[in-house]
Amino acid sequence: MPTDAALTMEDERIKTEPFVARLMKRPELGAVGGVILVTIFFFITADRSMFTLSGIMNFLTPAAQLGILGIAAAMLMIGGEFDLSIGSMVAFAGMIFGALTVNLGLPLVLSIPLTFLFAGLVGAANGWIVIRSGLPSFIVTLAGLFILRGASLVGLKLFTGGSTQLRGVREAVEGDFLTPVFSGDAFGFVFNWLASVGLVDTFRSGLPKVPGIPVEILWFVLVALAATYVLLRTARGNWIFAAGGDRNAASNSGVPVNKVKISLFVCTACAAALVAIITVIDSGSTDARRGFMKEFEAIITAVIGGCLLTGGYGSAIGAFFGAIIFGMVTIGLTYTNFDQDWFQVFLGGMLLIAVLFNNAIRKRVTGER
Amino acid sequence: MTIDTKFHHGDPVTHAPIVEMKGIEKHFGNVIALAGVSFDIRPGECHCLLGDNGAGKSTFIKTMSGVHKPTKGEILFEGKPMSFSSPRDAMEAGIATVFQDLAMIPLMSVTRNFFMGREPKKGKGLFERMDMDAANDICVEEMRKMGINLRGPDQAVGTLSGGERQTVAIARAVYFGAKVLILDEPTSALGVRQTSNVLATIDRVRKQGVGVVFISHNVRHALAVGDRFTVLNRGKTSAPPPAATSRPRSCRT
Ligand SMILES: Nc1ncnc2c1ncn2[C@@H]1O[C@H](COP(=O)(O)OP(=O)(O)O)[C@@H](O)[C@H]1O
Ligand SMILES: [Mg+2]
């Protein structure tokens with residue numbers, strides 16, 4: 001990943017900082033360290049099969065679904081706002097998507113953009129209310145959390161004639177040319193070839209045990225790369241950091257703070273819609289509990305990834321690794337002899353460590369003592 | 001404009017005011033922050049705005065820089081009536097402001113702060129991106145011109161001293177072609193050495209033909225660099241002490 005530091009010119013006037021000192025200031029440092037620690041932990045405690053190809057795909061899949069939300073939450077948090085409604089937004093977008101494909105029978109080429117449009121509009125409304133009212137986004141989107149969850153329930157009953165689960169999505173999207181983009185496994189032919197030359201494990205039939213890379217993992221990587229590019233290499237990225245760092249300073253310097261913040265709310269809503277589309281096609285149905293508690297998990301991912309709750313600091317790559325930690329812990333415990341219910345204890349502990357660590361890092365960066 | 005370090009009072013041909021403000025009033029609800037203030041600034045001069053805390057100095061320059069709309073009064077920019085609806089408008093016209101709270105973000109690097117809101121771009125369409133190399137080079141070079149050697153362009157502004165931060169803010173304004181540079185109490189939080197650095201920077205900037213509006217409640221700092229003086233008192237201009245209205249430049253230290 002390119003970093004600002006990597007672009008530093010050689011200049012005899014500049015005292016060069018030691019590489020380690022510079023590394024210490026990267027916001028994603030904690031998350032990378034966390035991945036290493038968690039990996040070591042599971043290497044010692046978990047069954048060997050966790051780190052086989054299929055084991056890795058096993059924990060990367062939930063990591064990817066959460067990570068897409070987490071990266072969007074991280075960008076929003078860098079921009080100085082929260083969105084507690086993303087979990088409910090997954091259910092809401094899932095409901096919209098289900099109704100469009102099943103009830104209206106629209107092809108994906110229409111239903112997917114329409115789902116994004118609906119989600120984006122709700123996101124824009126969230127942002128607009130936050131900006132207009134000047135209220136903390138925490139409280140505005142907390143209202144959104146309940147409104148969207150409730151609306152999903154009501155909507156599902158309406159579209160199914162009384163059920164809270166809308167089925168038949170898989171049948172509706174079967175054969176659609178866009179289905180492989182949002183579901184199933186990609187690069188199957190590569191894995192078949194790897195299996196044929198004996199590089200990956202196979203079933204007795206000769207088929208590879210891992211049929212390909214689940215598409216959500218590719219989306220996850222794509223979202224992480226795009227977010228990192230925007231944050232570190234574009235003017236908009238600079239505006240996001242500025243808007244979250246100090247909105248007055250930013251707007252006095254000519255940054256369109258309100259537009260930036262509203263766009264970020266639209267992005268989180270669209271990330272939720274993407275996760276909804278992927279998971280709804282995957283399971284073939286949607287229900288009102290979809291995305292339950294994901295808002296908190298996404299925020300935890302962003303914080304483990306190095307975002308400050310006060311805004312203006314953080315990284316998308318950090319959130320990427322934060323989500324991987326999350327996936328490893330959730331799935332990894334099933335490979336160990338520990339009681340799986342340790343999961344939440346683990347999670348809370350990590351959040352606490354991450355927050356303490358980030359606070360220390362911030363002081364280093366600003367030279368505060 | 002030509003390099004002319006001599007200051008001529010009221011020479012209308014070469015030194016017409018860049019900004020002229022007439023009878024500016026600003027009310028915040030029932031608080032009358034400004035009750036009719038007139039002021040002008042010409043190229044290459046340092047016009048000091050003096051007054052106690054709460055006199056309305058910050059409010060006044062905020063109407064000049066597009067943050068506030070005046071309740072009443074007229075603003076002429078290069079002779080034409082002008083109404084800025086945002087700081088961005090004013091900035092694009094050439095009025096740059098270094099606010100009292102500096103408009104600087106401690107967690108961001110010097111380069112990112114320097115170019116905040118006006119990032120150099122390269123590439124087209126979807127591939128349009130910030131030209132980080134150019135930004136870093138320009139930033140380091142401009143800061144060097146102002147006498148500050150950065151540890152690196154990615155050094156966070158939070159690690160700079162107060163005087164250095166002022167200098168970054170001034171360098172940024174000058175780099176982006178300010179015709180008028182407004183400094184709101186740039187020296188109020190600084191030590192002696194840092195203050196003299198900032199005053200020297202003001203002098204350097206003025207010599208480039210920029211009109212500097214220097215706000216201070218410290219008369220000694222104002223006398224050190226000022227060419228003209230306006231005193232604000234409870235939202236109104238009061239007559240400055242005669243000795244201070246105009247000073248020959250040679251007396252400056
Ligand atoms: N946004 C605002 N709303 C209400 N009153 C304000 C606002 N800004 C400034 N004032 C009032 O206007 C007066 C002048 O303030 P200010 O311009 O900051 O003074 P100075 O910069 O000279 O110390 C003060 O009494 C202040 O309380
Ligand atoms: Mg003031």
Side-chain angles (χ1 to χ4, degrees), chain A residues 2-17 21-22 25-27 78 80 226 229-258 260 308 310-314 361-369, chain B residues 62 65-67 86-92 96-99 101-109 111-123 126-137 140-141 143-144 149-161 169 172-173 176:
Chain A
T3 66
D4 290 359
L7 292 174
T8 309
M9 296 258 309
E10 294 290 342
D11 188 328
E12 79 289 351
R13 289 184 306 270
I14 298 168
K15 255 189 291 168
T16 46
E17 257 182 304
R22 215 183 283 163
K25 288 184 179 172
R26 298 298 317 168
I78 294 170
Y229 173 75
V230 168
L231 283 175
L232 296 182
R233 281 290 164 274
T234 68
R236 314 233 153 189
N238 212 29
W239 296 353
I240 294 171
F241 281 107
D246 183 339
R247 63 167 307 154
N248 278 328
S251 95
N252 284 342
S253 303
V255 174
V257 172
N258 293 349
V260 169
L308 291 180
T310 42
Y313 192 73
I361 288 278
R362 195 204 62 217
K363 286 183 179 159
R364 277 193 77 92
V365 168
T366 57
E368 229 177 87
R369 268 169 285 269
Chain B
K62 279 180 179 166
S65 62
V67 175
S86 73
R88 201 182 178 110
D89 281 0
M91 238 158 52
E92 262 152 31
T97 312
V98 176
F99 291 98
D101 41 23
L102 275 184
M104 201 73 71
I105 297 175
L107 282 165
M108 279 166 58
S109 71
T111 300
R112 283 178 176 275
N113 268 287
F114 194 97
F115 288 97
M116 177 165 58
R118 285 172 297 199
E119 294 78 5
K121 310 261 176 62
K122 68 177 178 194
L126 198 60
F127 295 99
E128 189 182 79
R129 58 201 186 275
M130 193 170 160
D131 192 345
M132 265 296 177
D133 295 326
N136 284 333
D137 291 351
V140 169
E141 178 59 20
M143 292 311 295
R144 199 188 51 76
N149 287 323
L150 294 174
R151 237 186 289 147
D154 59 341
Q155 186 178 355
V157 159
T159 61
L160 297 178
S161 74
R172 171 172 70 177
F176 286 105

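Naming: A, B, ... by sequence-line order, numbering from 1 per chain.
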Between Arg112(B) and Asn238(A), the two heavy atoms sitting closest are NH1-OD1, 3.0 Å
Should Phe241(A) and Met116(B) be marked as a side-chain contact (heavy atoms from CB on, under 4.5 Å) after you check the CA-CA gap, both sets of side-chain angles, and the distance that decides it? CA-CA 10 Å; Phe241(A) 281 107; Met116(B) 177 165 58; over 6 Å; no
Under 4.5 Å to a heavy atom of chain A? For Met91(B) that would be side chain
OG (Ser253(A)) and CZ (Phe176(B)) are apart, to the nearest 0.5 Å, by 10.0 Å
TODO: Ignoring hydrogens and angles, tell me if any N or O in the side chain of Asp246(A) forms a donor-acceptor pair with the backbone of Ile105(B) under 3.5 Å.
DONE: no
When rounded to the nearest 0.5 Å, the distance separating CD1 of Ile78(A) from CG of Leu107(B) is 11.0 Å
Working for side-chain contact (heavy atoms from CB on, under 4.5 Å), residues Asn252(A) and Thr97(B) = CA-CA 9 Å; Asn252(A) 284 342; Thr97(B) 312; over 6 Å; no
Next on the checklist: Do Arg129(B) and Tyr229(A) have side chains that approach each other closer than 4.5 Å (heavy atoms only, starting at C-beta)?
Outcome noted: yes
Distance col, row Glu119(B):CD vs Arg236(A):CZ, nearest 0.5 angstrom, shows 9.5 Å
Cut-off 4.5 Å, heavy atoms of chain A, and the answer for Glu128(B) is backbone
Nearest heavy-atom contact between Lys121(B) and Ala235(A) is CE-CB, 3.4 Å
